[in-house]
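Heavy atoms only: backbone and side chains are in, while hydrogens, waters and symmetry mates are out.
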Amino acid sequence: MPTPITRIGVLTGGGDCPGLNAVIRAVVKDAASHGIQTIGIEDGFLGLIENRVRPLTPADVSGILLQGGTILGSSNKANPRKFACGLLPDGTPKIEDRTDACMDVIRSHGLQALVVIGGDGTMSCADTFVKRGVRCIGVPKTIDNDIYGTDLTFGFSTAVQIATDAIDRVRTTAASHHRVMVVEVMGRNAGWIALHAGIASGSDIILIPEIPFSVDHVCEHIRKRASEGKKYSIVCAAEGAKMAGGSAFVERVVATSPDPIRLGGIGKALSGMIEEKIGVESRYVVLGHVQRGGTPVALDRVLATQFGDHAMELLKFGSGEAKDMDAERGSRLVVWKDAKLGDIALTEASNKQRLVPLDQPLLAAARSVGTSFAEG
Ligand code: F6P
């Protein structure tokens, strides 16, 4: 007879995104209605490392459904197995394994399971605790929509809407001044945001990491449009897009982060190259963290609530494979697959990324309306 769950921990790890609070709310409310106490862990795994936790009651999560960010705080630099705690004399980070300290915190607060809301990095961290016998239920968040095993992550739809609205606004200036506007959107090494926002905004050229581009082909498309009387062009460029034979533009390296590369710079570089090659006045806009901010769109609120509810269903009753309370088999990642909720083994998703496949139907849809990917 499995021990009933009476006390769980919840944390949000990695970069923030709209909908995190909606998941926390769903988990806490559902848990409370079944007599389960939720302990909020602050700043992702950093809160476990530093023993910073607080109880969460339904009153604490009342009204947070539409709030952006996370009431618990987050960190994308706190991998307990490889925790960067200061610098060595040569300036490189001093790395220590803090798994044991985290296990002490989990035991001392009587946490029987963790709900881990995060991206691939957070799921890899959770794996460490699964291997130490802690049952973890993962909830996939990220604006990038690149988590393996799920067709959709919450936060993505909001980011796409923000990027689309921004491109719509930039179009006015492009048209009035007969310019090229390059809009750089986020997404890491995946082109999902650029593809969706590019199509939604009717961008003329979409550049994604999965399809290396040629600057000559970008310029050719702009010229072709000009020859048809279209005096301006919009380029929606994913931050991870790269020229054929080249590598992605890197904005900075965060040495203490498990995923140290921060992409950025394609907007500036490309608009400069367009001006130089064909003499058309070009400007760039980097949307950056604006895409992660503010209130989630309705779809993200709904998805986040469903994800939180499914996470609790798995903990309370289990479903399919998850019926087993053993940590390895009972640790699942909640997913949205083939238009319905489901769950897969947590281990299946860690250290993998879901990129845009080259046969993704959206690519054909974009091409059918004359959009160019400027393939190199
Ligand atoms: O993963 C979400 C994301 O916003 C990416 O799109 C972007 O590359 C990265 O995080 C930026 O990270 P940071 O907030 O550390 O600058």
Side-chain angles (χ1 to χ4, degrees), residues 10-31 38 40-44 56 58 60-76 114-123 126 136-166 185-188 190 192-193 196-197 200 287-314 332-337 339-343 349 354:
V10 60
L11 65 81
T12 50
D16 71 325
C17 89
L20 287 167
N21 285 326
V23 182
I24 297 170
R25 170 180 175 267
V27 167
V28 172
K29 288 196 170 199
D30 191 292
T38 308
I41 299 162
E42 294 174 358
D43 300 334
L56 290 177
D60 294 319
V61 297
S62 181
I64 67 169
L65 174 65
L66 36 118
Q67 265 176 37
T70 159
I71 57 162
L72 286 173
S74 190
S75 168
N76 56 8
L114 298 180
V115 175
V116 175
I117 311 167
D120 55 346
T122 306
M123 298 312 150
C136 294
I137 303 294
V139 180
K141 72 85 220 185
T142 169
I143 62 164
D144 305 332
N145 203 30
D146 62 349
I147 299 186
Y148 179 86
T150 184
D151 294 337
L152 198 56
T153 56
F154 67 88
F156 172 66
S157 301
T158 305
V160 167
Q161 190 60 57
I162 294 170
T164 303
D165 291 345
V185 301
M186 280 186 162
R188 283 203 303 179
W192 294 109
I193 297 179
H196 281 252
L287 298 187
H289 294 85
V290 167
Q291 293 156 100
R292 268 171 34 186
T295 187
V297 296
L299 194 143
D300 277 334
R301 297 182 202 184
V302 174
L303 187 65
T305 303
Q306 284 180 290
F307 276 1
D309 170 58
H310 194 71
M312 288 311 297
E313 287 302 305
L314 289 171
R332 310 286 293 173
L333 176 73
V334 176
V335 296
W336 180 257
K337 193 78 190 159
K340 56 179 189 296
L341 277 174
D343 46 273
R354 189 180 76 98

Review point. Where the side chain of Asn21 meets the backbone of Gly68, is there a donor-acceptor pair that is under 3.5 Å apart?
Key: yes
**Study point:** Partner of Val10 by side-chain contact (heavy atoms from CB on, under 4.5 Å), out of Ile117, Val116, Val23
**Key:** Ile117
Review point. Taking Arg301 for the side chain and Pro296 for the main chain, is one N or O donor matched with an acceptor at less than 3.5 Å?
Key: yes
Study note, to complete from the structure: Here the pair of heavy atoms bringing Ala304 nearest to Gly19 is CB-O, 3.4 Å
Study note, to complete from the structure: On a heavy-atom basis, the closest approach of Ile193 and Ala159 is CD1-CB, 4.2 Å
Exercise for review: Indicate the atoms forming the closest heavy-atom contact of Ile147 with Gly119, along with that distance.
Suggested key: CD1-CA, 3.5 Å
Practice item. Spell out, as yes or no, whether a donor-acceptor pair under 3.5 Å connects the side chain of Trp192 to the backbone of Arg354. Key: yes
Practice item. Check whether any side-chain heavy atom of Asp309 sits under 4.5 Å from a side-chain heavy atom of Thr305, and report yes or no. Key: no
Exercise for review: Report the C-alpha distance between Tyr148 and Leu333 in whole Å, list the side-chain angles of each, state the deciding distance to 0.1 Å, and finish with yes or no for side chain to side chain contact (heavy atoms under 4.5 Å, CB included).
Suggested key: CA-CA 10 Å; Tyr148 179 86; Leu333 176 73; over 6 Å; no
Point to revise | Least distance between heavy atoms, Pro18 atom then Arg292 atom | key: CD-O, 3.4 Å
Study note, to complete from the structure: Quick note, salt bridge (charged side-chain N to carboxylate O under 4.0 Å, His left out) partners involving residues 143-159, not counting sequence neighbours, are Asp144-Arg188, Asp146-Arg188, Asp151-Lys337
Point to revise | Exam field: side chain Thr12 to backbone Gly73, donor-acceptor pair closer than 3.5 Å | key: yes
Practice item. Please tell me if the side chains of Ile41 and Leu72 come closer than 4.5 Å, counting only heavy atoms from C-beta onward. Key: no
Study note, to complete from the structure: Rounding to 0.5 Å, atoms CG (Leu299) and CG (Leu303) come to a distance of 6.5 Å
Practice item. Give, for atom OG1 of Thr70 and atom CD1 of Ile24, the distance between the pair rounded to the nearest 0.5 Å. Key: 3.5 Å
Practice item. To the nearest 0.5 Å, tell me how far Asp300 CG sits from Leu152 CG. Key: 7.0 Å
Point to revise | Separation of Thr153 OG1 from Asn145 CG (nearest 0.5 Å) | key: 4.0 Å
Revision key, fill the gap. Looking only at heavy atoms, the pair that brings Ile71 and Leu56 closest together is CD1-CD2, 4.4 Å
Point to revise | Exercise: identify the closest heavy-atom pair between Val185 and Ala163 | key: CG1-CB, 4.1 Å
Check your understanding: Can you find a heavy atom in the side chain of Leu341 that is under 4.5 Å from one in the side chain of Phe307?
Key -> yes
Review point. Judged by atom type as modelled, is there a donor-acceptor pair below 3.5 Å linking the side chain of Gln291 to the main-chain atoms of Met186?
Key: yes
Exercise for review: To the nearest 0.5 angstrom, please state how far the SG atom of Cys136 sits from the CE atom of Met123.
Suggested key: 9.5 Å
Revision key, fill the gap. When rounded to the nearest 0.5 Å, the distance separating OG1 of Thr295 from CG of Leu65 is 8.0 Å
Practice item. For Ser74 and Gly15, indicate whether the former's side chain and the latter's backbone hold a donor-acceptor pair under 3.5 Å. Key: no
Practice item. In sequence, state the C-alpha distance, the side-chain angles, and the governing distance for Leu11 and Thr122, and then conclude on side chain to side chain contact (heavy atoms under 4.5 Å, CB included). Key: CA-CA 10 Å; Leu11 65 81; Thr122 306; 4.3 Å; yes
